[in-house]
Each structure stands twice: as C-alpha cells, then as structure tokens.
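In what follows, a single structure is set out as structure tokens and then discussed.
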Amino acid sequence: MCRSIKTLRPPATDEVTEEDIRAAALQYVRKVSGFRRPAAHNQAVFDQAVEEVTRATAALLATLEVRGARTGS
C-alpha cells in the first residue's frame, strides 16, 4: 500500500491525533483514486471519501484490542 501511511495503533504509535488519522486517510484516497489533487469536478467526492475514511479509521482505532499493549493504569 502507501509507504507514507504509518501504523497508528499502539505500540507502534503512542499518541495519535485527528490530524494523523486524516493524513493517513488522505494518502489512502490519493492512492486508490490515482489523484494527488483531483480536478474541480471530482473535488467534492474526493473530500467526502477522505472524511469517510477518516471516520472509519478513528472508529477502528477506538475499538481495536491490542493484546499485550500497555494501558494507562
């Protein structure tokens, strides 16, 4: 896949921001669509895809159970 998308789950990354998640989503949509910057007539669907992938990624990270990962307690 995209080499520039980094692993966002523990223990690979301790602190993940919304910006990190959105950047990964943007890279994914760019790779899948083949467009670094879409033409004006594709901008809305491109942006919508980025938002949907961002939400799906945040939901995934919030619900993953990583065995052996450190917890905050």
Side-chain angles (χ1 to χ4, degrees):
M1 196 59 212
C2 285
R3 291 181 206 161
S4 58
I5 297 177
K6 64 181 184 175
T7 302
L8 297 180
R9 68 162 178 79
T13 305
D14 289 329
E15 202 172 308
V16 177
T17 66
E18 175 74 19
E19 187 174 299
D20 293 329
I21 295 170
R22 189 171 193 301
L26 178 59
Q27 288 300 317
Y28 174 80
V29 172
R30 284 177 172 168
K31 182 68 168 186
V32 170
S33 70
F35 296 116
R36 176 159 170 67
R37 286 194 56 192
H41 64 276
N42 285 324
Q43 189 68 54
V45 294
F46 187 91
D47 292 344
Q48 180 181 352
V50 171
E51 292 309 315
E52 290 176 9
V53 173
T54 299
R55 282 193 299 274
T57 302
L60 172 67
L61 293 173
T63 57
L64 277 178
E65 291 183 32
V66 180
R67 293 183 183 199
R70 296 172 296 190
T71 61
S73 52

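Hydrogens, waters and symmetry mates play no part in the numbers below; they use all other heavy atoms, side chains included.
- Annotation: the span from Phe46 atom CZ to Arg36 atom CZ amounts to 9.0 Å, rounded to 0.5 Å.
- By the side-chain hydrogen bond (donor to acceptor under 3.5 Å, both in side chains) test, Asn42 is found to be paired with no residue, residues two or more places apart in sequence or in another chain being considered.
- Partners of Thr63 according to the side-chain contact (heavy atoms from CB on, under 4.5 Å) rule, which considers only residues two or more places apart in sequence or in another chain, do not exist here.
- Counting heavy atoms from C-beta outward, Lys31 and Tyr28 have side chains that stay 4.5 Å or more apart.
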What pairs of donor and acceptor atoms, side-chain ones from residues 51-60 against any protein atom, are under 3.5 angstrom apart with sequence neighbours left out?
| residue | atom | partner | partner atom | Å |
| --- | --- | --- | --- | --- |
| Glu51 | OE2 | Arg22 | NE | 3.3 |
| Glu51 | OE2 | Arg22 | NH2 | 3.3 |
| Glu52 | OE2 | Gln48 | NE2 | 2.9 |
| Thr54 | OG1 | Val50 | O | 2.7 |
| Thr57 | OG1 | Val53 | O | 2.8 |

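- The side-chain contact (heavy atoms from CB on, under 4.5 Å) check on Asp20 picks up Lys6, Leu8, Val16, Thr17, with sequence neighbours excluded.
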